[in-house]
Amino acid sequence: MQSAPIKFERFQSENDDACQERILSAIDKLGDRLVILGHHYQHEGVYRHADFTGDSLKLSRYAAGSDAEYIVFLGVHFMAEVADILSRPDQVAILPDMAAGCSMADMANLAKVERCRRELSEHYDFDQTFTPVTYINSAADLKAFCGEHGGIVCTSSNATKIAEWAFNQREKILFFPDQHLGRWTGYKMGIPLDEMMVWDPDLPLGGLTKEEIDKAKILLWKGHCSVHQMFQPQHIAKFREQYPEGKVIAHPECTFEVCRQSDYVGSTEFILKTVSESAPGTRWLVGTELNLVNRLAERMKPEGKVVQFMSPLVCECSTMARIDPQHLAWTLENLASGNVVNRIHVAPDEAELAKLTLDRMLAVS
Ligand code: 13P
Ligand code: SF4
């Protein structure tokens with residue numbers, strides 16, 4: 001039976017233990033009508049309730065294949081948007097806290113990307129010369145932009161395959177918003193660093209000369225992840241000095257030097273898999289978000305593996321951390337009483353174009 005929506009204020013002062021009980025009871029009531037998808041950066045207090053966990057690519061596939069009426073996303077805004085776009089119109093995607101955004105995704109917006117296209121169009125036939133590639137960490141309207149201009153979406157786990165696809169369409173790539181993932185992907189494909197130029201959206205013609213753009217194979221949007229910027233090559237050097245036998249693994253959102261000096265680079269799922277499958281007794285330095293590293297360190301202890309965080313500073317993704325037991329309990333209790341709160345709904349015309357690029361991505365990867 002439906003009652004009036006419950007206000008979040010009622011949950012604000014609830015302690016975590018009480019929220020855990022309320023979450024479990026709502027999950028029980030909702031049964032198969034609910035699926036909870038959780039990204040690896042989520043706090044244990046909510047992550048433990050996820051039916052499925054993964055990196056962005058894996059979670060996109062779960063969202064596309066789920067039959068549940070409600071898809072509750074423990075992650076950030078763009079992830080819930082992808083779940084909405086890839087699920088059926090009668091399914092509902094929900095983000096327990098609307099303020100859980102991604103600061104990197106916010107570094108590119110449609111007005112700036114359109115301006116970039118207009119400026120490039122003064123010198124080139126944009127749609128014949130550039131394949132726009134957006135990292136999945138971007139708003140739905142940027143995915144729609146890629147749909148409109150023959151482009152595609154990539155994630156940290158399929159970026160090379162996607163870039164190969166993009167180069168098969170046109171001679172150059174416009175890659176946004178993460179310059180580091182774009183550069184690392186190009187480098188792995190053998191593209192010289194001086195053929196990957198940074199496009200500064202706040203400068204005329206991206207701060208580049210026509211000659212530089214002529215020479216470039218990839219234009220890298222000037223964006224980055226503030227969490228992964230914290231990892232430095234000197235952290236790796238110190239670790240190698242102390243533990244020459246140790247292994248280093250990093251996420252491709254880290255700077256180029258950090259990626260180059262790591263033994264392995266890959267998505268959050270790749271990091272978990274690689275460390276989990278390593279030999280007992282191995283020591284690891286891991287360059288990605290703190291919640292993932294702490295959880296991995298705990299899980300690896302029984303096998304005698306030591307997992308260390310790459311930075312001496314605490315670098316948590318503060319927006320991911322907004323999804324706490326209080327917000328999850330509030331969301332689920334409302335759903336159990338027939339009220340949808342915090343629905344993420346992408347406008348149908350935008351969703352259609354964005355879906356084109358996401359489907360393309362899923363087919364290519
Ligand atoms: P993954 O797709 O590797 O999980 O990365 C998502 C993300 O936001 C990393 O900062
Ligand atoms: Fe965005 Fe960085 Fe947080 Fe990932 S870690 S969600 S890229 S701000």
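Note that ligands are numbered from 1 as they come in the structure, with each ligand's atoms numbered from 1 the same way.
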**OP:** Determine, step by step, whether K238 and E241 satisfy the salt bridge (charged side-chain N to carboxylate O under 4.0 Å, His left out) criterion, reporting the C-alpha distance in whole Å, the side-chain angles of both residues, the deciding distance to 0.1 Å, and the verdict.
**Re:** CA-CA 5 Å; K238 196 169 167 212; E241 207 180 287; over 6 Å; no
**OP:** Decide salt bridge (charged side-chain N to carboxylate O under 4.0 Å, His left out) for K355 and E352; before the verdict, give the C-alpha distance in whole Å, the side-chain angles of both, and the deciding distance to 0.1 Å.
**Re:** CA-CA 5 Å; K355 186 169 182 321; E352 197 181 318; over 6 Å; no
Subject >> Part of T155 within contact of ligand 1 (heavy atoms, under 4.0 Å) >> reply: neither
Subject >> Minimum-distance pair of heavy atoms, taken over all atoms of L59 and F52 >> reply: CD2-O, 4.0 Å
Subject >> Protein N/O/S atoms closer than 2.8 Å to atom 3 (Fe) of ligand 2 >> reply: C317 SG
**OP:** With heavy atoms of E253 as the reference, note each atom of ligand 1 found under 4.0 Å away.
**Re:** 7 (C), 8 (O), 9 (C), 10 (O)
Original post:
Can K161 and E164 be counted as an ion pair, charged N to O under 4.0 angstrom?
Top reply: no
**OP:** Ignoring hydrogens, just give me the one of H251, M79, H40 whose non-hydrogen atom is nearest atom 5 (O) of ligand 1.
**Re:** H251
Original post:
Hey, is Y41 touching ligand 1 through its side chain, its backbone, both or neither, going by heavy atoms under 4.0 Å?
Top reply: side chain
Original post:
When rounded to the nearest 0.5 angstrom, what distance separates OG1 in T268 from CG in L57?
Top reply: 10.0 Å
**OP:** Test F231 against F309 for ring-ring contact (aromatic ring centres under 6.0 Å, His included), laying out the working first.
**Re:** CA-CA 9 Å; F231 306 118; F309 190 54; 5.5 Å; yes
Original post:
Is H39 near ligand 1, meaning one of its heavy atoms is under 4.0 Å from it?
Top reply: yes
Original post:
Short list, please: which atoms of ligand 1 are under 4.0 Å from a heavy atom of N137?
Top reply: 7 (C), 8 (O)
**OP:** Could you tell me if any non-hydrogen atom of H228 lies under 4.0 Å from any atom of ligand 1?
**Re:** yes
Subject >> Lys/Arg N to Asp/Glu carboxylate O, E269 vs K273, below 4.0 Å >> reply: no
Original post:
Relative to the heavy atoms of S267, which atoms of ligand 1 are at a distance of less than 4.0 Å?
Top reply: 3 (O)
Original post:
Are H327 and F8 close enough that their ring centres sit under 6.0 Å apart?
Top reply: yes
